[in-house]
Visitor: 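Take this structure first; my questions come after.
In listed order, ligands and their atoms are each counted from 1. If you're wondering where the values come from, they're calculated on a predicted model, not measured in any experiment.
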Amino acid sequence: MKMQAVVLWEPKRATLEYMERPDAAAGEMIVAVKAAGICGTDLKIYDGDYLSPYPLTPGHELAGTVVSVGSGVSVDWVGRQVGVDPTLTCGTCIFCRSRQSNHCLNWGAIGDTVNGGFAEFVAVPAKNVYRLPQDMPAEVGALIEPLACAEWALERVPVRPGSQALMFGMGPMGVILMRLLLRGGASALTAVDTSPQRLELAVQLGASRSVPADSVDSLVEAHPYGFDLVVDATGAAGVMAQAIRFVRPGGAYLLFGVAARGTLAAIEPYWIYHREITIYSSMAINQSYARAVEIAASSSAVLEPRLVTHTFPLSGYAEAIQAIRAGEGLKIQLRPG
Ligand SMILES: [Zn+2]
Ligand SMILES: [Zn+2]
(Lines give C-alpha, C1' and ligand atoms only; values in the text may rest on other atoms or scores of the structure.)
(Ligands and ions follow the chains in the order given, each with its own letter.)
Protein backbone atom coordinates (compact mmCIF):
# COMPACT_ATOMS: atom_id res chain seq x y z
CA MET A 1 0.00 0.00 0.00
CA LYS A 2 1.11 3.52 -0.78
CA MET A 3 1.25 6.67 1.32
CA GLN A 4 2.28 10.30 1.04
CA ALA A 5 5.41 11.45 2.86
CA VAL A 6 7.65 14.51 2.92
CA VAL A 7 11.16 13.60 1.80
CA LEU A 8 14.05 15.94 2.49
CA TRP A 9 16.53 14.73 -0.14
CA GLU A 10 19.29 17.04 0.95
CA PRO A 11 19.34 20.31 2.91
CA LYS A 12 16.71 22.73 1.57
CA ARG A 13 15.33 20.32 -1.06
CA ALA A 14 12.07 18.65 -0.02
CA THR A 15 9.36 17.00 -2.09
CA LEU A 16 6.09 15.27 -1.31
CA GLU A 17 6.45 11.64 -2.41
CA TYR A 18 4.03 8.85 -3.04
CA MET A 19 5.81 5.83 -1.59
CA GLU A 20 5.43 2.37 -0.08
CA ARG A 21 3.87 2.29 3.40
CA PRO A 22 6.28 0.97 6.04
CA ASP A 23 5.69 -2.52 7.49
CA ALA A 24 5.88 -3.16 11.22
CA ALA A 25 9.05 -5.11 12.04
CA ALA A 26 9.23 -7.16 15.26
CA GLY A 27 8.64 -4.90 18.25
CA GLU A 28 7.26 -2.06 16.11
CA MET A 29 3.92 -0.40 15.50
CA ILE A 30 2.63 1.48 12.48
CA VAL A 31 1.03 4.78 13.46
CA ALA A 32 -1.31 6.69 11.15
CA VAL A 33 -0.12 10.22 11.87
CA LYS A 34 -2.90 12.70 12.67
CA ALA A 35 -0.80 15.70 13.74
CA ALA A 36 2.93 16.43 13.69
CA GLY A 37 4.48 19.61 15.03
CA ILE A 38 7.36 21.56 13.53
CA CYS A 39 9.96 23.25 15.74
CA GLY A 40 13.36 24.94 15.71
CA THR A 41 15.10 21.59 15.35
CA ASP A 42 13.20 21.07 12.09
CA LEU A 43 14.66 24.34 10.79
CA LYS A 44 18.16 23.00 11.55
CA ILE A 45 17.32 19.69 9.84
CA TYR A 46 15.96 21.58 6.83
CA ASP A 47 19.10 23.72 6.62
CA GLY A 48 21.50 20.79 7.11
CA ASP A 49 22.75 22.03 10.51
CA TYR A 50 21.83 18.88 12.44
CA LEU A 51 23.09 15.32 12.74
CA SER A 52 20.39 14.04 10.38
CA PRO A 53 21.19 11.75 7.45
CA TYR A 54 19.55 12.48 4.07
CA PRO A 55 17.19 11.55 2.53
CA LEU A 56 14.95 11.83 5.60
CA THR A 57 11.27 12.17 6.42
CA PRO A 58 11.38 14.56 9.40
CA GLY A 59 8.73 14.95 12.12
CA HIS A 60 9.47 14.15 15.78
CA GLU A 61 6.42 15.68 17.56
CA LEU A 62 3.65 13.32 16.59
CA ALA A 63 0.37 11.75 17.59
CA GLY A 64 -1.92 9.40 15.72
CA THR A 65 -3.65 6.03 15.72
CA VAL A 66 -2.04 2.59 15.72
CA VAL A 67 -3.05 0.71 12.56
CA SER A 68 -0.89 -2.43 12.80
CA VAL A 69 1.70 -4.08 15.01
CA GLY A 70 4.71 -6.30 14.42
CA SER A 71 5.44 -9.59 16.17
CA GLY A 72 5.82 -9.37 19.92
CA VAL A 73 3.42 -6.42 20.21
CA SER A 74 -0.13 -6.86 21.50
CA VAL A 75 -2.86 -6.38 18.89
CA ASP A 76 -4.82 -4.53 21.60
CA TRP A 77 -2.87 -1.48 20.50
CA VAL A 78 -4.60 -1.38 17.12
CA GLY A 79 -7.09 1.50 17.02
CA ARG A 80 -5.59 3.26 20.05
CA GLN A 81 -4.77 6.93 19.94
CA VAL A 82 -1.11 7.33 20.84
CA GLY A 83 1.72 9.79 21.28
CA VAL A 84 5.30 8.89 20.42
CA ASP A 85 8.42 9.70 22.41
CA PRO A 86 10.89 10.18 19.54
CA THR A 87 13.97 9.44 21.66
CA LEU A 88 16.02 6.44 20.50
CA THR A 89 18.63 5.24 22.96
CA CYS A 90 20.90 2.21 23.13
CA GLY A 91 20.11 1.23 26.72
CA THR A 92 23.64 -0.07 27.26
CA CYS A 93 25.98 2.95 27.37
CA ILE A 94 27.06 4.51 30.66
CA PHE A 95 24.57 7.38 30.34
CA CYS A 96 21.61 5.14 29.55
CA ARG A 97 22.53 3.15 32.66
CA SER A 98 22.85 6.31 34.78
CA ARG A 99 19.33 7.66 34.16
CA GLN A 100 20.80 10.18 31.69
CA SER A 101 19.52 8.65 28.49
CA ASN A 102 19.25 12.08 26.83
CA HIS A 103 23.06 11.90 26.77
CA CYS A 104 23.12 8.39 25.26
CA LEU A 105 26.35 7.85 23.33
CA ASN A 106 24.27 6.37 20.50
CA TRP A 107 21.44 8.90 20.73
CA GLY A 108 19.00 9.19 17.87
CA ALA A 109 15.41 10.29 17.38
CA ILE A 110 12.44 9.46 15.21
CA GLY A 111 12.20 12.27 12.66
CA ASP A 112 15.78 13.42 13.37
CA THR A 113 17.96 10.41 12.59
CA VAL A 114 15.34 7.97 11.22
CA ASN A 115 12.12 8.62 9.28
CA GLY A 116 9.45 10.43 11.26
CA GLY A 117 5.95 11.81 11.28
CA PHE A 118 5.69 14.11 8.26
CA ALA A 119 4.03 11.18 6.51
CA GLU A 120 0.67 9.45 6.55
CA PHE A 121 2.22 6.46 8.35
CA VAL A 122 5.35 5.91 10.42
CA ALA A 123 6.97 2.80 11.90
CA VAL A 124 8.00 3.28 15.53
CA PRO A 125 9.35 0.99 18.28
CA ALA A 126 6.52 -0.10 20.59
CA LYS A 127 8.53 1.01 23.62
CA ASN A 128 8.33 4.63 22.37
CA VAL A 129 4.52 4.59 22.16
CA TYR A 130 2.18 5.95 24.87
CA ARG A 131 -1.58 5.60 25.02
CA LEU A 132 -3.51 8.86 24.99
CA PRO A 133 -7.14 9.39 25.96
CA GLN A 134 -9.26 8.61 22.89
CA ASP A 135 -10.97 12.02 23.15
CA MET A 136 -7.74 14.04 23.30
CA PRO A 137 -7.49 16.21 20.17
CA ALA A 138 -4.61 14.97 17.99
CA GLU A 139 -3.05 18.44 17.92
CA VAL A 140 -2.79 18.31 21.71
CA GLY A 141 -1.26 14.81 21.48
CA ALA A 142 1.44 16.19 19.18
CA LEU A 143 2.26 18.87 21.79
CA ILE A 144 3.26 16.25 24.36
CA GLU A 145 6.78 15.94 22.92
CA PRO A 146 7.63 19.64 23.51
CA LEU A 147 5.90 19.39 26.90
CA ALA A 148 8.17 16.45 27.78
CA CYS A 149 11.17 18.73 27.10
CA ALA A 150 9.69 21.41 29.39
CA GLU A 151 8.90 18.80 32.04
CA TRP A 152 12.51 17.63 32.08
CA ALA A 153 13.69 21.24 32.47
CA LEU A 154 11.46 21.69 35.52
CA GLU A 155 12.67 18.46 37.07
CA ARG A 156 16.08 20.09 37.18
CA VAL A 157 15.09 23.57 38.37
CA PRO A 158 13.65 23.92 41.87
CA VAL A 159 10.47 25.99 41.65
CA ARG A 160 9.03 26.89 45.01
CA PRO A 161 5.41 27.84 45.59
CA GLY A 162 5.08 31.58 45.25
CA SER A 163 8.09 31.94 42.94
CA GLN A 164 8.18 35.00 40.73
CA ALA A 165 9.37 34.11 37.24
CA LEU A 166 10.60 36.15 34.31
CA MET A 167 10.79 34.61 30.85
CA PHE A 168 12.47 35.89 27.70
CA GLY A 169 11.06 34.43 24.47
CA MET A 170 7.37 33.58 24.17
CA GLY A 171 7.50 31.18 21.23
CA PRO A 172 5.73 27.82 21.44
CA MET A 173 8.32 26.28 23.79
CA GLY A 174 8.36 29.36 26.01
CA VAL A 175 4.57 29.33 26.30
CA ILE A 176 4.43 25.60 27.11
CA LEU A 177 7.14 25.99 29.76
CA MET A 178 5.35 29.06 31.14
CA ARG A 179 2.09 27.15 31.55
CA LEU A 180 3.88 24.25 33.22
CA LEU A 181 5.66 26.66 35.57
CA LEU A 182 2.39 28.34 36.54
CA ARG A 183 0.83 24.93 37.09
CA GLY A 184 3.89 23.76 39.04
CA GLY A 185 4.09 26.47 41.67
CA ALA A 186 5.21 29.81 40.20
CA SER A 187 2.72 32.43 41.33
CA ALA A 188 3.43 34.93 38.57
CA LEU A 189 5.30 35.05 35.30
CA THR A 190 6.38 38.16 33.43
CA ALA A 191 6.73 37.57 29.69
CA VAL A 192 9.27 39.38 27.49
CA ASP A 193 9.40 39.22 23.69
CA THR A 194 10.13 41.45 20.72
CA SER A 195 6.81 40.57 19.05
CA PRO A 196 3.67 42.41 20.25
CA GLN A 197 1.58 39.58 18.79
CA ARG A 198 3.43 36.94 20.82
CA LEU A 199 3.19 39.04 23.99
CA GLU A 200 -0.56 39.33 23.52
CA LEU A 201 -0.83 35.56 23.07
CA ALA A 202 1.35 34.96 26.14
CA VAL A 203 -1.01 37.05 28.28
CA GLN A 204 -4.09 35.32 26.83
CA LEU A 205 -2.46 31.99 27.67
CA GLY A 206 -1.57 32.82 31.27
CA ALA A 207 1.32 35.29 31.60
CA SER A 208 0.76 37.68 34.51
CA ARG A 209 1.99 40.55 32.42
CA SER A 210 4.04 41.32 29.35
CA VAL A 211 6.97 43.62 28.72
CA PRO A 212 8.27 44.48 25.24
CA ALA A 213 11.95 43.53 24.92
CA ASP A 214 12.99 47.13 24.35
CA SER A 215 11.42 48.24 27.68
CA VAL A 216 12.97 45.50 29.76
CA ASP A 217 14.99 48.02 31.81
CA SER A 218 11.71 49.17 33.37
CA LEU A 219 11.72 45.87 35.29
CA VAL A 220 14.71 46.99 37.35
CA GLU A 221 12.60 49.62 39.03
CA ALA A 222 9.54 47.41 39.43
CA HIS A 223 11.58 44.44 40.71
CA PRO A 224 14.68 45.93 42.36
CA TYR A 225 15.65 42.59 43.94
CA GLY A 226 15.03 40.61 40.75
CA PHE A 227 13.10 37.39 40.13
CA ASP A 228 13.36 33.97 41.80
CA LEU A 229 13.60 32.31 38.41
CA VAL A 230 14.68 33.82 35.10
CA VAL A 231 14.32 31.74 31.96
CA ASP A 232 15.84 32.29 28.57
CA ALA A 233 13.67 30.67 25.92
CA THR A 234 15.14 32.61 22.99
CA GLY A 235 18.49 30.90 22.47
CA ALA A 236 19.89 34.30 21.49
CA ALA A 237 23.30 34.84 23.13
CA GLY A 238 22.72 38.58 23.57
CA VAL A 239 19.45 37.96 25.42
CA MET A 240 21.05 35.22 27.52
CA ALA A 241 23.73 37.65 28.68
CA GLN A 242 21.20 40.36 29.51
CA ALA A 243 18.64 38.15 31.25
CA ILE A 244 20.96 37.14 34.09
CA ARG A 245 20.82 40.72 35.44
CA PHE A 246 17.25 40.02 36.59
CA VAL A 247 17.95 37.01 38.83
CA ARG A 248 17.42 37.83 42.50
CA PRO A 249 20.10 36.89 45.07
CA GLY A 250 19.97 33.14 45.60
CA GLY A 251 17.78 32.74 42.52
CA ALA A 252 17.93 30.43 39.52
CA TYR A 253 18.66 31.05 35.88
CA LEU A 254 17.47 28.51 33.33
CA LEU A 255 18.99 28.38 29.86
CA PHE A 256 16.13 26.69 28.00
CA GLY A 257 16.62 28.21 24.54
CA VAL A 258 19.11 26.51 22.24
CA ALA A 259 21.97 28.84 21.32
CA ALA A 260 23.82 28.29 18.06
CA ARG A 261 26.90 26.15 18.61
CA GLY A 262 30.06 28.24 19.00
CA THR A 263 28.20 31.41 20.02
CA LEU A 264 29.62 33.28 23.02
CA ALA A 265 27.72 35.37 25.58
CA ALA A 266 29.42 37.95 27.79
CA ILE A 267 28.39 37.27 31.39
CA GLU A 268 29.98 38.97 34.40
CA PRO A 269 31.20 36.22 36.79
CA TYR A 270 31.22 38.69 39.71
CA TRP A 271 27.46 39.06 39.30
CA ILE A 272 26.94 35.29 39.54
CA TYR A 273 29.20 35.15 42.61
CA HIS A 274 27.73 38.13 44.39
CA ARG A 275 24.12 37.17 43.78
CA GLU A 276 24.75 33.45 44.40
CA ILE A 277 22.99 32.58 41.16
CA THR A 278 22.54 28.95 40.15
CA ILE A 279 22.54 28.33 36.40
CA TYR A 280 20.54 25.40 35.00
CA SER A 281 20.11 23.97 31.55
CA SER A 282 18.19 21.05 30.10
CA MET A 283 18.59 19.06 26.91
CA ALA A 284 15.64 17.41 25.17
CA ILE A 285 13.65 14.63 26.87
CA ASN A 286 14.96 12.43 29.64
CA GLN A 287 12.35 9.76 30.36
CA SER A 288 9.87 12.56 30.90
CA TYR A 289 7.35 11.68 28.18
CA ALA A 290 5.14 9.55 30.46
CA ARG A 291 4.78 12.40 32.95
CA ALA A 292 4.00 14.78 30.08
CA VAL A 293 1.17 12.43 29.03
CA GLU A 294 -0.18 12.55 32.59
CA ILE A 295 -0.07 16.35 32.66
CA ALA A 296 -1.77 16.64 29.27
CA ALA A 297 -4.44 14.04 30.09
CA SER A 298 -5.37 15.43 33.49
CA SER A 299 -6.14 19.02 32.54
CA SER A 300 -6.10 21.55 29.73
CA ALA A 301 -4.27 24.04 31.97
CA VAL A 302 -0.97 23.28 30.23
CA LEU A 303 -1.82 21.95 26.75
CA GLU A 304 -4.86 22.92 24.74
CA PRO A 305 -5.73 23.34 21.05
CA ARG A 306 -5.30 27.15 21.25
CA LEU A 307 -1.52 26.66 21.35
CA VAL A 308 -1.66 25.45 17.74
CA THR A 309 -2.23 28.51 15.58
CA HIS A 310 -1.37 27.19 12.10
CA THR A 311 -1.87 23.84 10.43
CA PHE A 312 -0.76 22.76 6.97
CA PRO A 313 -1.26 19.60 4.90
CA LEU A 314 1.89 17.57 4.15
CA SER A 315 2.19 19.46 0.87
CA GLY A 316 2.57 22.67 2.90
CA TYR A 317 5.81 21.57 4.60
CA ALA A 318 8.05 24.19 2.94
CA GLU A 319 5.44 26.89 3.59
CA ALA A 320 5.23 25.83 7.24
CA ILE A 321 9.04 26.09 7.55
CA GLN A 322 8.82 29.65 6.19
CA ALA A 323 6.05 30.53 8.67
CA ILE A 324 8.19 29.33 11.59
CA ARG A 325 11.17 31.31 10.37
CA ALA A 326 8.95 34.40 10.19
CA GLY A 327 7.92 33.81 13.83
CA GLU A 328 4.25 33.60 12.88
CA GLY A 329 1.65 32.57 15.44
CA LEU A 330 2.58 29.94 17.99
CA LYS A 331 2.76 26.19 17.32
CA ILE A 332 2.67 25.13 13.69
CA GLN A 333 1.70 21.56 12.80
CA LEU A 334 1.27 19.40 9.72
CA ARG A 335 -1.88 17.31 9.33
CA PRO A 336 -1.12 14.23 7.24
CA GLY A 337 -4.09 12.58 5.59
ZN1 LIG B 1 10.65 19.68 18.43
ZN1 LIG C 1 22.95 4.77 25.48
Side-chain angles (χ1 to χ4, degrees), residues 6 8 33 35-47 49-52 56-64 83-119 122 124-125 127-128 130 138-153 169-177 180 233-235 256-260 282-289 292-293 296 302-303 307-312 317 320-321 323-325 327 329-336:
V6 170
L8 192 52
V33 183
I38 309 189
C39 77
T41 301
D42 288 297
L43 298 184
K44 294 195 180 98
I45 293 171
Y46 187 80
D47 290 341
D49 296 334
Y50 205 63
L51 42 87
S52 301
L56 178 78
T57 294
H60 59 274
E61 304 180 358
L62 66 119
V84 178
D85 179 350
T87 317
L88 301 173
T89 57
C90 72
T92 57
C93 76
I94 190 65
F95 295 109
C96 281
R97 291 185 293 152
S98 308
R99 280 175 268 164
Q100 293 179 284
S101 55
N102 56 334
H103 298 287
C104 172
L105 295 172
N106 302 295
W107 189 91
I110 296 161
D112 294 347
T113 58
V114 300
N115 287 339
F118 297 159
V122 60
V124 295
K127 66 180 164 100
N128 289 63
Y130 292 79
E139 66 262 44
V140 170
L143 289 169
I144 293 175
E145 194 273 349
L147 175 61
C149 297
E151 202 282 338
W152 172 236
M170 303 313 297
M173 282 307 283
V175 167
I176 289 171
L177 181 64
L180 190 59
T234 69
F256 189 60
V258 183
S282 75
M283 206 288 283
I285 294 172
N286 184 14
Q287 296 169 28
S288 48
Y289 197 95
V293 170
V302 179
L303 298 186
L307 302 181
V308 180
T309 54
H310 295 50
T311 56
F312 292 87
Y317 167 68
I321 290 277
I324 291 188
R325 255 191 240 287
L330 216 51
K331 192 67 193 179
I332 296 180
Q333 290 180 345
L334 297 187
R335 291 293 176 81

Visitor: Taking the Zn ion (ligand 2) as the centre, count the protein N/O/S atoms lying under 2.8 Å from it.
Guide: 4
Visitor: Under a 4.5 Å cut-off applied to non-hydrogen side-chain atoms, are His60 and Asp42 in contact?
Guide: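 Yes. Closest side-chain heavy atoms under 4.5 Å.
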Visitor: Among residues at least two apart in sequence or on other chains, which ones pass ring-ring contact (aromatic ring centres under 6.0 Å, His included) with Phe312?
Guide: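 ring-ring contact (aromatic ring centres under 6.0 Å, His included) list for Phe312, sorted by chain: empty.
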Visitor: Is any side-chain heavy atom of Glu61 less than 4.5 Å from a side-chain heavy atom of Pro86?
Guide: no
Visitor: Relative to the Zn ion (ligand 1), which of the N, O or S atoms in His60 is the closest?
Guide: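 Result: NE2.
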Visitor: Does the side chain of Asn286 pick up a donor-acceptor pair with the side chain of Ser101 at under 3.5 Å?
Guide: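 Note: Asn286 and Ser101 side chains meet the donor-acceptor criterion.
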Visitor: Looking at the Zn ion (ligand 1), which N/O/S atom of Glu61 is the nearest one?
Guide: OE2
Visitor: Using a 4.5 Å cut-off on heavy atoms from C-beta on, say whether the side chain of Phe118 contacts that of Pro336.
Guide: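 No; the side chains remain at least 4.5 Å from each other.
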Visitor: Would you please classify the geometry between the Tyr130 ring and the Tyr289 ring as parallel, tilted or perpendicular, with 30° and 60° separating the classes?
Guide: tilted
Visitor: Among Leu62, Thr57, Asn115, Val84, find the one that has a side chain to side chain contact (heavy atoms under 4.5 Å, CB included) with Val122.
Guide: Leu62
